[in-house]
K.L.:
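Handing you this structure, nothing more for now.
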Amino acid sequence: MIQLTINGLPQQFESPINVTQLIDHLALHGKRIAIERNGEIIPRSQFSEQILVHGDQLEVVVAVGGG
Amino acid sequence: MDNLVIAGKTYTSRLLVGTGKYKDFNETRTAVETSGAEIITVAIRRTNIGQNANEPNLLEVLPPSQYTLLPNTAGCYTVEDAVRTLRLARELLDGHSLVKLEVLGDPKTLYPNMVETLKAAEILIKEDFQVMVYTSDDPIIAKQLEDMGCVAVMPLASLIGSGMGILNPWNLQIIIDNAKIPVLVDAGVGTASDATIAMELGCDGVLMNTAIAAARDPVLMASAMRKAVEAGREAYLAGRMAKKLYSASPSSPTDGVIARADTTTKKSTTGKSA
């Protein structure tokens with residue numbers, strides 16, 4: 001079991017997953033997003049290579065309306 | 001053709017609009033389309049975990065293929081937050097580097113913190129962002145931001161969301177006179193005449209959000225703003241007449257005025273004497 005903090009909320013996963021799997025799990029496939037892991041941006045090209053481990057803190061952001 | 005050029009890219013519309021505060025995406029899209037804006041600002045925020053599946057995303061409604069998106073740093077009070085936000089924005093938009101930088105100083109007034117803004121701008125420029133920077137109307141700071149390499153400077157007319165219009169046209173004029181990069185009024189526009197005045201002063205463009213979104217009829221206001229910016233730009237290019245206290249310069253000719261009638265020698269029409 002690993003615990004990730006995603007946008008401030010803890011979430012459990014059975015085993016380490018890669019970013020692509022996380023995105024599918026969050027139903028964000030095909031959406032324009034950007035992800036920061038422990039303060040560093042993960043480039044899209046590395047989504048399937050980067051394995052998330054217990055304790056990782058993630059920010060998953062999208063564009064929203066704003067001035 | 002009188003086009004707006006920012007960071008080497010040409011735009012026809014001098015009206016830029018924000019996408020916040022609308023009642024739904026439908027209204028956002030209609031207002032943006034009616035405004036004729038080509039550059040639109042967006043904010044970068046955490047996605048709602050667990051609520052995503054069928055919800056449309058703003059960028060599906062206003063796609064990057066149709067608009068130039070300008071990610072902002074709304075809600076950022078520190079250099080670090082602003083820089084992080086724009087790095088994320090660039091990643092989200094596939095390397096698009098034209099951004100709006102704002103670093104706020106105070107959540108009540110939303111007045112910009114210019115010390116932090118200067119620091120953030122420097123970092124972002126070194127990382128090859130094309131920075132359109134929201135600034136106070138301090139002409140010295142505006143020039144410093146230009147000199148360090150910002151691609152546009154965006155002084156406030158008045159506080160964000162206040163609708164007070166241009167409070168200090170004199171400072172704006174100084175900024176415009178000193179600038180070699182585009183100057184766009186950003187923040188505080190409330191109604192059409194505010195936008196027109198900004199353009200008449202010589203601004204290169206106007207950025208607004210609340211003025212449209214908080215109008216009773218946002219789509220109609222978007223239409224008004226489009227015309228207001230165009231009218232102000234034409235008036236500026238046409239070169240206005242001088243203002244004088246008085247001019248003794250009527251618009252009608254002074255000769256050929258009929259003579260005043262002389263009533264003391266008027267004759268009776270029947271020929272009878274009085």
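This one's a predicted model, so the numbers in the text were calculated from it and none came from an experiment. Reminder, nothing fancy here: chain letters follow the sequence lines and each chain counts from 1.
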K.L.:
Relative to chain B, which segment of E59(A) carries a heavy atom at a distance below 4.5 Å: side chain, backbone, both, or neither?
P.N.:
side chain

K.L.:
With the threshold set at 4.0 Å, does a side-chain nitrogen-carboxylate oxygen contact exist between E60(B) and K31(A)?
P.N.:
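Result for this pair is yes, salt bridge flagged.
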
K.L.:
With chain A as the partner, which of T19(B), L92(B), V42(B) has the greatest number of non-hydrogen pairs under 4.5 Å?
P.N.:
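Most heavy-atom pairs under 4.5 Å with chain A: L92(B).
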
K.L.:
Quick one: do R29(B) and E27(B) make a salt bridge, cutoff under 4.0 Å?
P.N.:
no

K.L.:
So does E122(B) have more than 12 non-hydrogen atoms from other groups sitting under 6.0 Å from CD?
P.N.:
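Not more than 12 within 6.0 Å, no.
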
K.L.:
Below 4.5 Å from any heavy atom of chain B, which atoms of I41(A) appear? Answer side chain, backbone, both or neither.
P.N.:
side chain

K.L.:
Can you establish whether the number of heavy atoms outside E14(A) located under 6.0 Å from its atom CD is more than 12?
P.N.:
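Not more than 12 within 6.0 Å, no.
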
K.L.:
Flag yes if more than 12 heavy atoms outside H25(A) fall under 6.0 Å of its NE2 atom; otherwise flag no.
P.N.:
yes

K.L.:
Between chain A and each of R90(B), R84(B), K21(B), count heavy-atom pairs under 4.5 Å; write down the option with the most.
P.N.:
R84(B)

K.L.:
I need the residue from T28(B), T41(B), L88(B), L58(B) with the largest number of non-hydrogen atom pairs under 4.5 Å to chain A.
P.N.:
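The option with the most such pairs is L88(B).
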
K.L.:
Mind ranking G39(A), P43(A), G65(A) by heavy-atom pairs under 4.5 Å with chain B and telling me who comes out on top?
P.N.:
G65(A)

